[in-house]
Amino acid sequence: MTAQEVRLCGLLLQEHFGEVVERIGTHLLRGGAQNLRTIANETNTPLDLVKKSLCVLVQHGVCDFGSGRRGPGSPVEYRGNCERVLRILRYPRYIYTAKTLYGDTGELIVEEVLQRGHMTMSNTVKTVADRLTHNMEEGRSMEYSEVVSSFSKLVETHFLQRCPPVAETATAAPSATPATHRTPASVTPPTAESNPDCYKLPPVTLTGRGKRRRSSDDGEEPGGVKKAKMDSESCGDEGIYWQVNFERFHQHFRDQAIISAVASKLDQTSSEIVRTMLRMSEVTTTPTAAYTQPLSANEIFRSLPPNYSISRPILDQGGSLTGRSDLHRALANLARATLESVVQERFGSRSARIFRLLLRKRHLEQKQVEDFAMIPAKEAKDMLYTLLSENLVQLQEIPKTPDHAPSRTFYLYTVNQLPTARLLLQHCYKTVANLIERRLFETKENKRLLEKSQRIEAILASLQASGAEPEQLTEVEEMITAPERQQLEALRHHINKLDSTENQVDETIFLLESYIISTKSK
Amino acid sequence: MAGRGRGRGRGQMTFNLEDVGIGRGDSLPPTTFKPSPLFPAMSVQPVPLQTGEEVEYMLALKQELRAATKNLPFYIRRAANKRDVDRYSDKYQSGEPKDSTIEWSPDWSRLPKELCIKVRKPQGKKPIPQVKRLKKPLVGKEEILMKLETLEKKEEAVNSEEEEDDEKKKTNQEEEQAEEEDYEEDFEEDTDYIMSYFDNGEEFGGDSDENMDEATY
């Protein structure tokens with residue numbers, strides 16, 4: 001956990017769960033596994049608040065707990081998970097993807113599960129049906145069965161998975177269960193994938209319709225008692241919780257990135273072929289596989305969308321008869337393209353030329369750099385030193401004599417892709433943290449103005465609901481003066497820009513992270 | 001001999017300056033005396049942000065999510081600091097949780113037992129001292145001594161200042177609350193003349209404020 005990662009995680013936790021959880025969370029991330037008392041003492045927080053925060057963190061999968069270091073008798077230890085917090089940045093992308101794939105229902109299901117951490121299927125279906133009904137016209141309501149079908153589609157394509165069963169903690173009697181042979185020291189929490197029922201839907205039939213929540217009925221629901229009874233009915237799937245399968249979403253994003261890269265580099269047809277190949281191997285490929293399963297040309301041909309009538313010779317021309325995608329290579333290429341574009345945007349196109357040259361030619365002397373890049377010596381030197389000072393380019397010494405005399409040593413410039421990618425990833429984390437801080441600063445500066453505008457909107461809404469005349473409405477609207485209005489507009493514009501930038505930096509973060517993870521698994 | 005090269009030209013270094021690129025007679029850029037500026041001017045303008053329907057939608061999603069999480073029970077606010085005096089409006093205004101329970105019910109089978117918070121209701125506190133009094137009528141030396149003292153004082157003529165001191169000692173101990181009430185009742189019943197005798201000085205100086213014509217000495 002680098003300092004930048006911890007800082008960003010702290011800001012994300014603060015935005016979503018409040019300051020108390022942020023303090024506990026950053027303490028856990030910085031300090032490794034700790035037990036309850038240590039956390040309470042070191043953060044000077046009352047024990048009750050610590051317990052509450054830990055419940056929230058465990059609910060959202062940020063924190064794991066397990067038996068302590070000294071074996072089953074010691075107090076429970078809690079561990080923070082930095083990656084999981086960083087995923088919060090990507091929630092809008094997940095929800096949008098679900099919307100493009102499975103419509104509004106899918107979008108709401110994923111949104112609910114993300115906001116609550118994990119949920120049972122029956123709870124999710126009820127909440128989503130109610131929300132959809134709320135947005136529909138009067139008189140229509142959403143059937144549970146439609147929501148259930150969307151849910152099952154999400155589970156079949158592995159976008160949702162069951163939560164892993166909780167490992168027995170130290171409070172269970174250690175010697176009373178001779179049948180289960182467990183090594184007490186192994187505290188690796190079970191992953192979701194290790195559960196064979198990971199993607200099995202519970203055998204529950206939910207029937208019913210979404211309830212429309214009317215604002216006028218808030219205090220006086222005639223069926224109030226009945227409603228409470230219905231909610232407390234157990235639907236038979238207690239204890240089976242579902243969470244979002246982030247790896248599957250990442251796989252989807254990665255495929256999208258590859259397809260669009262192929263489309264821009266080659267042509268539309270090739271990209272369709274690649275898309276089909278990737279889709280066919282979606283469910284069979286594990287997330288960290290280097291290659292997709294080999295597919296015969298026949299299968300690909302049959303699976304192509306029907307309006308693409310490509311004759312076989314063209315298909316054969318695209319590759320050998322069995323095609324497979326080299327995913328790691330693809331990710332490396334994408335990462336390399338990202339690095340090159342970063343250098344280009346920050347230092348200009350000539351520096352980018354030097355950078356690309358070094359990436360391809362590996363090691364070059366200064367003179368060779370000038371010659372190959374066709375840049376005058378002085379400027380080439382200047383650019384190289386700028387890149388060197390930013391750590392994007394490294395110097396490699398090759399001594400000719402054992403005493404490393406400087407006049408008799410080769411100094412070669414080189415670029416190592418993996419360390420440079422890591423460096424840029426840390427820069428990205430720092431960037432997002434800065435963006436969030438700036439947004440918080442802007443909001444704080446204009447807090448008074450924002451509150452005023454919120455109050456006026458509330459007044460306007462209540463006036464309109466109770467049917468006021470237009471003069472009253474204009475009178476209330478004029479309570480905000482014109483320069484204040486301009487200020488508000490500018491503020492909204494800034495905040496939108498900052499938010500949008502966070503989303504886009506997150507795309508770069510995703511690419512670089514995927515590349516780094518793919519190299520680790522080799 | 002060691003300082004021979006100093007001061008002449010630029011100074012000797014372990015490597016050849018020409019290799020690095022600083023030729024003879026070239027002037028180096030001026031040395032810097034202060035740290036680089038916080039927001040240096042950019043030589044290349046950044047690429048404009050992406051726009052489009054997808055981007056707008058994700059932006060709206062992000063802002064909605066942020067607003068929604070503030071209202072979920074997972075957003076934990078610190079309990080407000082107690083002000084010096086309890087105010088009447090606190091009863092009607094505070095939106096923050098008073099006790100430490102969680103506002104949502106997690107599945108306790110998935111969490112370690114130690115995280116479960118048990119709420120102690122404040123109504124349970126009142127019967128405790130009375131019960132204690134019944135069960136333990138003569139506990140400890142201090143209580144016996146205090147009882148003897150109160151009995152003594154009821155017999156003797158009451159001196160108001162001593163009683164006030166005793167009352168202050170007793171307010172520190174919870175168990176004596178009920179006794180204190182009895183004690184105060186006796187005080188009020190028997191002592192009509194003592195009440196008028198005792199003057200705690202509140203009316204002092206009140207008369208002189210009314211006639212400001214005369215000088216006060």
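The chains referred to below are lettered A, B, ... by the order of the sequence lines, with proteins before strands, and numbering in each begins at 1. Computed from a predicted structure; not experimentally measured.
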- Message: With heavy-atom distances below 4.5 Å as the criterion, would you say the side chains of A/I95 and B/L65 are in contact?
- Response: yes

- Rounded to the nearest 0.5 Å, the CZ atom of A/F17 sits from the OG1 atom of B/T69 at a distance of 7.5 Å

- Message: Quick check on A/V56 against chain B: is it the side chain, the backbone, both or neither that has a heavy atom closer than 4.5 Å?
- Response: both

- Could you state the interatomic distance from NZ (A/K52) to CZ (B/R77), rounded to the nearest 0.5 Å? 10.5 Å

- Measure distances from B/K62 to the heavy atoms of chain A and classify the residue's part below 4.5 Å as side chain, backbone, both or neither. both

- Crowding at NZ, A/K497 (>12 non-hydrogen neighbours, <6.0 Å): no

- Item | side chain to side chain contact (heavy atoms under 4.5 Å, CB included) between B/L61 and A/K99, intermediate numbers included | CA-CA 12 Å; B/L61 266 178; A/K99 184 185 171 84; over 6 Å; no

- Do A/N503 and B/V55 have side chains that get closer than 4.5 Å, going by heavy atoms? no

- Note on the structure: Applied to residues 13-24 of chain A, the side chain to side chain donor-acceptor pair (under 3.5 Å) test, sequence neighbours excluded, yields A/E15-A/R439

- Message: In the structure I gave you, are the side-chain heavy atoms of B/E54 and A/T100 within less than 4.5 Å of one another anywhere?
- Response: no

- Cut-off 4.5 Å, heavy atoms of chain B, and the answer for A/Q115 is both

- Query: Tell me, side chain or backbone of A/Y78 under 4.5 Å from chain B's heavy atoms, or both, or neither?
  - Reply: side chain

- When rounded to the nearest 0.5 angstrom, what is the spacing between CD in B/E56 and OG in A/S500? 7.5 Å

- Query: Under a 4.5 Å heavy-atom cut-off, does chain B meet the side chain of A/R93, its backbone, both or neither?
  - Reply: both

- Look at the rings of B/F74 and A/H60 and say which category their plane angle falls in: under 30° parallel, 30 to 60° tilted, over 60° perpendicular. perpendicular

- Message: Quick check for you: to the nearest 0.5 Å, what is the distance between A/C55 atom SG and B/L111 atom CG?
- Response: 5.0 Å

- Note on the structure: Across all chains, not counting sequence neighbours, the side-chain hydrogen bond (donor to acceptor under 3.5 Å, both in side chains) partners of A/D382 are none

- Note on the structure: Assert top hit (heavy-atom pairs under 4.5 Å, partner chain B, pool A/R346, A/R116, A/H118, A/K367) equals A/R116

- Approximate separation, where rounding is to 0.5 Å, of B/Q63 CD and A/I495 CD1: 7.5 Å

- Message: On a heavy-atom basis, which atom in A/F65 and which in B/R110 lie closest, and how many Å separate them?
- Response: CZ-O, 3.1 Å

- Query: Considering only heavy atoms, which portion of B/L72 lies under 4.5 Å from any heavy atom of chain A: side chain, backbone, both, or neither?
  - Reply: side chain

- Query: Could you give the distance from CG (A/N496) to CG (B/L59), rounded to the nearest 0.5 Å?
  - Reply: 5.0 Å

